[in-house]
2 protein chains.
Amino acid sequence: MQKLPHLHNENTLELLRTKPEDEVFANVSATFGLISDATRLEILWLLCHTEECVMNIAAAVDMSSPAVSHHLRILKGAGLIISRKEGKEVYYTLADTDEAALVHKIVDAVFDMNCNLN
Amino acid sequence: MQKLPHLHNENTLELLRTKPEDEVFANVSATFGLISDATRLEILWLLCHTEECVMNIAAAVDMSSPAVSHHLRILKGAGLIISRKEGKEVYYTLADTDEAALVHKIVDAVFDMNCNLN
DNA sequence: ATAACAATTAAACGATTGCTTAATTGTTGA
DNA sequence: TCAACAATTAAGCAATCGTTTAATTGTTAT
């Protein structure tokens, strides 16, 4: 990307030189994709505040355990949550990482904006 | 949601009483959905920093104008960007609202975390 | 051993999403 | 008036996504 069809804004040309790589946009959008589904967001919200087993998570979000398992897999694959096995159960909670903390903060901020007590 | 299959965590029951309505999760996840697509995120990133016409945006993100028009429609529908018509061209830029400012801030934060100068 | 239960995996599906091509609207300048 | 151009809209399509049902793995208690 070097040539623009029109040139009404000097600012834009300079800006394009600082534009991040496509890969960065892909990574960042993938992070937002993790919380772009209402069910997954609800699960993550829960795990930001407690540690729970799959059955309880499923009951809390009113969804089947395979469905919940699927979402947990995605969140875990992204490193946002961790799991711990104890007996028959697997307990999930938010990962203790900078990325997870940032996502938590971001989620809270948007909940706040949607003006709910939170 | 009142009954949990198991009860290993007192915390959870109390937490569930403070859980936001389903509608809130839907709204918040929809906001993240806006920036969960790499192309749309790239367009929004541009419009956070400049004002441009459709053709220039299309050139900058290397995509057809119908495709860009489609994304602009979604972002505008959500109130994140505004448009201004001048002659044959329509110029888009970030909306001057609290919500748009928050999204901008959030996007910047995640770009930072992906450790790119930004 | 086996029965009960928690969790995951797999296959199938319906719905949504993002892009393409083609047609349409609206504006400017010849 | 007409030709060129910017933008939007519409229809169609492939790919992705989220859920369901069914089967499977693994653990505990009888």
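Hydrogens, waters and symmetry mates are skipped; everything else that's a heavy atom, side chains included, is used. Throughout, a chain's letter reflects where its sequence line sits, starting with A, and its residues are numbered from 1.
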Tell me, please, which residues at least two apart from A/Lys76 pass side-chain hydrogen bond (donor to acceptor under 3.5 Å, both in side chains).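 If we apply the side-chain hydrogen bond (donor to acceptor under 3.5 Å, both in side chains) test to A/Lys76, skipping adjacent residues, the hits are A/Ser83.
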Can a salt bridge be assigned to the pair A/Glu86 and A/Arg84 using a cut-off of 4.0 Å between side-chain N and carboxylate O?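 Salt bridge: yes.
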Atom-pair distance ([atom1] on [X]; [atom2] on [N]), nearest Å:
X       : N      : atom1 : atom2 : result
A/Leu4  : D/dA6  : CG    : C1'   : 15 Å
B/Glu42 : C/dG18 : CD    : P     : 15 Å
B/Asn56 : D/dC5  : CG    : P     : 16 Å
A/Leu75 : D/dG18 : CG    : P     : 10 Å
B/Glu89 : D/dA4  : CD    : P     : 18 Å

Quick test: give all pairs of protein nitrogen or oxygen and nucleotides 24-30 of chain C nitrogen or oxygen below 3.5 Å, distance rounded to 0.1 Å.
none

Return the set of residues passing salt bridge (Lys or Arg N to Asp or Glu O under 4.0 Å) with A/Glu89 (not counting sequence neighbours), or none when no residue passes.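 In terms of salt bridge (Lys or Arg N to Asp or Glu O under 4.0 Å), with neighbours along the sequence ignored, A/Glu89 is linked to no residue.
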Using the salt bridge (Lys or Arg N to Asp or Glu O under 4.0 Å) criterion, which residues pair with B/Glu21? Sequence neighbours excluded.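 Here no residue qualifies.
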Partner of A/Tyr92 by side-chain contact (heavy atoms from CB on, under 4.5 Å), out of A/Leu75, A/Val54, A/Asn56: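 By the side-chain contact (heavy atoms from CB on, under 4.5 Å) criterion, A/Tyr92 pairs with just one of A/Leu75, A/Val54, A/Asn56: A/Val54.
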Can you find a heavy atom in the side chain of B/Trp45 that is under 4.5 Å from one in the side chain of A/Lys19?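 A side-chain contact exists here, since the closest heavy-atom pair is under 4.5 Å.
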Which residues within residues 26-35 of chain B lie with some heavy atom under 4.0 Å of an atom in DNA chain D?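 By residue number: none to list.
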Answer yes or no: does a side-chain N or O of A/Ser64 lie under 4.0 Å from OP1 or OP2 of D/dT19?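 Indeed not, no polar side-chain atom of A/Ser64 lies that close.
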Does OP1 or OP2 of D/dT19 have a side-chain N or O of A/Thr39 closer than 4.0 Å?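 For D/dT19, OP1/OP2 do have a side-chain N/O of A/Thr39 under 4.0 Å.
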Between the protein and nucleotides 8-12 of chain C, list every N/O to N/O distance that falls short of 3.5 Å.
unit_1	atom_1	unit_2	atom_2	d
C/dT8	OP1	A/Tyr92	OH	2.4
C/dT8	OP2	A/Ser69	OG	2.6
C/dT8	O5'	A/Ser69	OG	3.4
C/dT9	OP2	A/Arg73	NE	3.4

Could you report the tightest heavy-atom contact between B/Thr12 and A/Glu52, atom names first, then the distance?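 Closest approach of B/Thr12 to A/Glu52, heavy atoms only: OG1-OE2, 2.7 Å.
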Among [options], the one nearest [X] by side-chain distance:
X       : options                : result
A/Met55 : C/dC19, C/dA7, D/dT19  : C/dA7
B/Asp37 : D/dT19, C/dA7, C/dG18  : C/dG18
B/His71 : D/dG18, C/dG18, D/dT19 : C/dG18

For the pair A/Ser36 (side chain) and A/Gly33 (backbone), establish whether a donor and an acceptor sit closer than 3.5 Å, ignoring hydrogens and angles.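 Answer holds: yes.
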In Å, rounded to the nearest 0.5 Å, how long is the span from CE of B/Met55 to NZ of B/Lys88?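 Nearest 0.5 Å value for the CE-NZ distance: 11.0 Å.
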Students often mix this up, so state it plainly: with edges at 30° and 60°, are the rings of A/Phe32 and B/Phe32 parallel, tilted or perpendicular?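 The arrangement is parallel - the two ring planes meet at less than 30°.
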Given B/Ser29 and A/Asp37, is the side chain to side chain donor-acceptor pair (under 3.5 Å) satisfied, shown in steps? CA-CA 5 Å; B/Ser29 62; A/Asp37 175 76; over 6 Å; no
Want to settle it: does A/Met63 or A/His6 sit nearer the 5' end of DNA chain D, counting the closest nucleotide to each?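 Upstream on the strand: A/His6.
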